[in-house]
Amino acid sequence: MKYNYGTAICAAFEYILETYPEAFILGQGLWSPWYVGNSMTDLDKKFGTHRVIDTPVSELACTGAGVGAALAGMKPIVVHPRMDFMLYAMDAIVNQAAKWSHMVGGQAHPGVTIRAIINRGGEQGAQHSQALHAWFAHVPGLRVVMPATVADARDLLIASVVSRDPVMYIDDRWLYDLEDDLAPVEELDLAVQGPRCLREGRDLSLVAAGYSVRLALDAADRLSDKGISAEVIDLRVLNPFAPEAVVESVRKTGHLLAIDGGWRTCGIAGEVMASVAERGVSARMGRIALPDAPAPSSRVLEKAYYPTVDTIVATASRLLS
Amino acid sequence: MKYNYGTAICAAFEYILETYPEAFILGQGLWSPWYVGNSMTDLDKKFGTHRVIDTPVSELACTGAGVGAALAGMKPIVVHPRMDFMLYAMDAIVNQAAKWSHMVGGQAHPGVTIRAIINRGGEQGAQHSQALHAWFAHVPGLRVVMPATVADARDLLIASVVSRDPVMYIDDRWLYDLEDDLAPVEELDLAVQGPRCLREGRDLSLVAAGYSVRLALDAADRLSDKGISAEVIDLRVLNPFAPEAVVESVRKTGHLLAIDGGWRTCGIAGEVMASVAERGVSARMGRIALPDAPAPSSRVLEKAYYPTVDTIVATASRLLS
Amino acid sequence: MGGLADPSRFHQPIDIAGQDPAVLQGQLRAILAIRMAEQHLADMRRNGLIGGPVHLGVGQEAVAVGVSANLRASDRVFGAHRSHSHVLALGASLHGLFAEVLGKDTGLSRGMGGSMHLWDGPRGFYGSVPIVSGTVPLAVGAGLAAKLSGTDDVAVSYLGDGAVEEGAVHESMNLARVLQAPVLFVVENNFFASHMHIRLRQPLEYTARFASAHDMPCEVVDGNDVVAVNKAASRLVDHIRSGRGPAFLEAITFRWYGHVDWREDIDVGVNRSTEDLSNWRARDPLSRLTVAMEAAGCWSAGQHADLVEAIRKDVVDAWEKAMNDPYPQPAALLDRVYAR
Amino acid sequence: MGGLADPSRFHQPIDIAGQDPAVLQGQLRAILAIRMAEQHLADMRRNGLIGGPVHLGVGQEAVAVGVSANLRASDRVFGAHRSHSHVLALGASLHGLFAEVLGKDTGLSRGMGGSMHLWDGPRGFYGSVPIVSGTVPLAVGAGLAAKLSGTDDVAVSYLGDGAVEEGAVHESMNLARVLQAPVLFVVENNFFASHMHIRLRQPLEYTARFASAHDMPCEVVDGNDVVAVNKAASRLVDHIRSGRGPAFLEAITFRWYGHVDWREDIDVGVNRSTEDLSNWRARDPLSRLTVAMEAAGCWSAGQHADLVEAIRKDVVDAWEKAMNDPYPQPAALLDRVYAR
Ligand SMILES: Cc1ncc(C[n+]2csc(CCOP(=O)(O)OP(=O)(O)O)c2C)c(N)n1
Ligand SMILES: Cc1ncc(C[n+]2csc(CCOP(=O)(O)OP(=O)(O)O)c2C)c(N)n1
Ligand SMILES: [Mg+2]
Ligand SMILES: [Mg+2]
């Protein structure tokens, strides 16, 4: 059946709410069609406002409540319509959810899913634009997923909710119109998911996560016109980080370009490079990330701020020359 | 005069409070000798409780108040006796302080200093142990310093307070007993501070920040007994990150071992490696960081958790063999 | 609370007895200017000339105008996502606001912020940003700074009824109270946080209960009555300036437009009660003031027409100028991250 | 509040009229066991056998015992850094607690947490951690889970007067109230957050004002009176179990030891009022209960001596066993991060 990235997320929610009576959703904007795009349409009507709960403006309490409900055996999904708002909820995520299992000797697991939406552009500026996936990749105890395909948008969300661990599920509004056919749902075990090659190539490995994967795929098309054969690796799972597939690819191509829609320093692009470097794979490496600045709002500066296919093509060509 | 790391911090506070009437300190435990070790002894008595303010248990409001006071022309220092508590204050730090100048067109600068203490070990466990410097290095708009020497403990604190930008000053309780002589204060311009070579060597570059620098220096001693000449680079300033000194060193030695007391994935050690790799310096690289787990509390596990001089010596020897 | 939450009440002209006509005229001018500026922004957003979101406060203008009557340039005012009225009431230039909304280099924030990030330091507007409650702790710090510097300046923190649900607000109120920081917390209670009515978010409709919990003086007023707002703010600002600590003003009001942009009937996609809306339109801070002034003989239909025309011209001129202004240079992206 | 904050009052035996003697004896036993266990921990910390910090609640035992009288194993209790009493009052094993404090594999949290991270799921103790107010939102979620699952189980959130200064608590109270989640917030108001008296941190000495602000029923009781705590908790838990939403209990009490470890006279380095301390020692929840029971003829000096001896033996046995238990295997470091 035809889905787009947004409706695929919605399909995942429907599957979850239908299949698991202990699943419920808690977050801001769940009763408004505006906050979360087409990714949660009418869930409140289909499953009731007691299972699809729109909340006060209280990110910390809502996230913590998700953690606590998970400890009580539920499968809660906490939705943050923008990742920026989650800065208020860091204690619940990092001090509580991520550490709980370890702190209590593996006897209880807060299997909460935290859905963080990257929602940037549109002249909204610095506080409505952030992509902080590198932060969560840094914290042991969290699983972090970033779907780049329509199938992953659905299947990794289901896998996140089914997982007994706390999961940060990060989707990107810039992907919502991406279309694809989907097979019937099969539940995946998140613990065995990891980076995946989406396009094979010989000369260069483009490695990315989330929306940056789309840029990489488009860039690979353009590079092939120039006679460069680029392989594209979709990271998918950022934590626990399993770089083997990337390392294999770079071993083959001898060139790595890591592309990230987050900031550079201590970001995921750097992590990809370090993981290759420490394994003794000799390769030429480059990375593309955001400039070292908060997101601007003015449209002219927004254009300069976000990486594009052009940037990738140009950087890749330079790397190979 | 003889100082240790803790009294050097105290000397910086005295200098600041004496020199700048607009300076004041706000934080938890400032009227107790226990929270902040010997680093703030009797400041409240010398300068008054109106300038050395012990606060309610409200990390977010206190940090935000520091940001607001800075916008009003003060030089506030907000003290968090453990970095873990700061998880509550992320909005004030990341959404507000780091972005303010940019958001308002460079017309106002929240020159607040946020002092975050790394305070781990002692069987205190996962929520009383974190070293999240990589997070702050990731965020444009913050300056991040991590003093590893007695002189830097004092001088980088003064430089942080004098800076017009928001600065995260990160000190480590494990360093407080380190002793050294200090020259009279000269104010440094933080914007031109950066990594520094503390010990020259030919065979290997050990790169670290904060307490890990001490481990690196001790390891360098031990390595020299084995006939290995290790250079030690103290990063000092993690954001904006200026890797040139590191790159020069690795170009010379051909071997890089990055050592970090924080977590591995998207950490500062990986950033160091990536910065070298993307400059086309071919070198053998390795890193040492925390295991992918929250801090344990049991003493036997604590021993296994934190990197030691032994780990460094062993890893370095392997890297060179 | 005297039924202030009931939209069918308080439609009559406001009580202006004893008010200086010149002052009233100034307030009328300010309310009207804000109203017309925001209606222009609504139009320009609808027709696509504005690229970013605009959160309009049409219907709420009397709050900022009444509060600002008690402020001076050395005070420190913080707002949030819906702050056009807050900055204009302090005397900010229309052109500066419009240019900012358009992302131009001549804007209040030099084009770096847009509608949701406004700054006018020289007039005491320390800044507004869209993270709900993000500036509330900052206002406490700016107030504390005034106290530490030995001045009697005050800080003002504008926030919404939704913001009250953020823990930051409660920490800030306690901190301000314990430090006796000179801060006026002004809650513009318009009963909505985007699509959610306060009854869905809080157990009670008024937020002033938190003022008593935090042991600070408070007043609850008809936010659509500029005289009432002004009087209450005056009492509270006096209290604050005299060194007796923070205070709390709850102004009951309503926004005519939805949460964001130009639509009136929907709130980020959710239908609003048209009956409530039309009732609230009848509790108009502008017409209730105008009618009262006309009845008192200190305003006339002719004066009003002239004023509308003058402001219309200001608005059009400011807009034209802003439209023709340059965007920030590319270097602005990196040059404004740190002080230089 | 009837002068509950005045330490020179409420020294008389508590009122046990109408209480079942067997129940009282059970409560006396629980209070005494917690007291002796914690005093033992104080000694072992002083003599260096305990490596990590212990936050002792000696003097506060009646709160957890009185509250727990109204709980069952399917309820969900969360604590914080000072939670020995909370978990023991639910019936947790002394040995499990001691082993945990020593970081042993047989501890309540399998040695991964120490004194500040306790867990006893089978008894309804969902966990305690030292980040102040960190578990309060979790309790709301665990309560909400009970409601969504259609049970009448309740969640209990123990917190301190200091925790009330964290925004998380206010968000949690509002969220619980709006969702009508079955949560009992229990503030153990011992007037101190580490070295800071509540007068230095808040404008007023009682925290129940926040219950009314958040529109939930509340009671303020002498936390050193197990019967009073039990009765108040019983009324509030009934309210909650019957589906009428959260409630708030403020128990006024005092800790005899300083903030952390074994010293009585100092609070993380700051001298405490010895007069207050001796007054609070006289408001002892244990002796006030014992004397009342002896006067009522349902307890005797002989019974007491036997009980003390029996508990002393339990304590010593549990400690010996814990001391000889193994530490976690090295693999525990990585094996317990994720579920397997
Ligand atoms: C931390 C945070 N959470 C959520 C949002 C999304 N949001 C923007 S405005 C708003 C409602 C605010 O309501 P209120 O404070 O009453 O102000 P009003 O819009 O009524 O002026 C919300 C939830 C945000 N911007 N920041
Ligand atoms: C978020 C956070 N801030 C600060 C601390 C340090 N701290 C530990 S206990 C405590 C005082 C807590 O006081 P209260 O809530 O009254 O509990 P009590 O110690 O009196 O039982 C503080 C400030 C902490 N552990 N966590
Ligand atoms: Mg509102
Ligand atoms: Mg206390």
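Chain letters run A, B, ... following the sequence lines, proteins first, then strands; residues in each count from 1.
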Look up atom [atom1] in [X] and atom [atom2] in [Y], then write down how far apart they are to the nearest 0.5 Å.
| X | Y | atom1 | atom2 | answer |
| --- | --- | --- | --- | --- |
| Thr135(D) | Asp91(A) | OG1 | CG | 10.0 Å |
| Leu144(D) | Phe24(A) | CG | CZ | 4.5 Å |
| His170(D) | Leu60(A) | NE2 | CG | 12.0 Å |
| His102(A) | Arg110(D) | NE2 | CZ | 11.5 Å |
| Lys99(A) | Met112(D) | NZ | CE | 12.5 Å |

**Message:** Given heavy-atom pairs under 4.5 angstrom as the criterion, report whether the side chain, backbone, both or neither of Ala139(D) touches chain A.
**Reply:**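 Contact with chain A is absent: no heavy atom of Ala139(D) under 4.5 Å.
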**Message:** Go through it in stages, so that I can follow the logic: the residues are Phe78(D) and Leu71(A), the test is side chain to side chain contact (heavy atoms under 4.5 Å, CB included), and I'd like the CA-CA distance, side-chain angles, deciding distance and then a yes or no.
**Reply:** CA-CA 11 Å; Phe78(D) 289 86; Leu71(A) 289 171; 4.1 Å; yes
Using atom types as modelled and distance alone, determine if a side-chain donor or acceptor of [X] lies under 3.5 Å from a backbone N or O of [Y].
| X | Y | answer |
| --- | --- | --- |
| Gln107(A) | Leu108(D) | yes |
| Ser101(A) | Arg336(D) | yes |
| Asp165(A) | Ala339(D) | yes |

Based on non-hydrogen pairs under 4.5 Å, which of [options] is most in contact with chain D?
| options | value |
| --- | --- |
| Gly64(A), Cys62(A), Ala98(A) | Gly64(A) |
| Ala191(A), Ala92(A), Ser58(A), Ser163(A) | Ser58(A) |
| Ala97(A), Gly66(A), Gly141(A) | Gly141(A) |

Portion of [X] that has a non-hydrogen atom of chain D nearer than 4.5 angstrom:
| X | result |
| --- | --- |
| Glu59(A) | backbone |
| Met74(A) | side chain |
| Leu142(A) | backbone |
| Pro240(A) | both |
| Arg51(A) | neither |

**Message:** So which residue, Asp335(D), Leu118(D), Leu175(D), ends up with the most heavy-atom pairs under 4.5 Å with chain A?
**Reply:**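 With the most close heavy-atom pairs to chain A, the winner is Leu175(D).
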**Top contributor to chain A contacts, counting heavy-atom pairs under 4.5 Å, from Lys147(D), His117(D), Met173(D)** =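 Highest number of heavy-atom pairs under 4.5 Å: His117(D).
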**Request:** Indicate yes or no: at least one non-hydrogen side-chain atom of Pro137(D) is less than 4.5 angstrom from one of Thr63(A).
**Result:**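 No, every pair of side-chain atoms sits at 4.5 Å or beyond.
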**Heavy-atom closest pair, residues Ala61(A) and Ser172(D)** =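 Nearest pair, atom of Ala61(A) first, then Ser172(D): CB-N, 3.8 Å.
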**Request:** Give the C-alpha distance, both sets of side-chain angles, the deciding distance and a yes or no for side chain to side chain contact (heavy atoms under 4.5 Å, CB included) between Gln96(A) and Val129(D).
**Result:** CA-CA 8 Å; Gln96(A) 313 306 336; Val129(D) 296; 3.3 Å; yes
**Message:** Check this for me: Gln329(D), atom CD, are more than 12 non-hydrogen atoms of other residues, nucleotides or ligands nearer than 6.0 Å?
**Reply:**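 Result for CD/Gln329(D): open.
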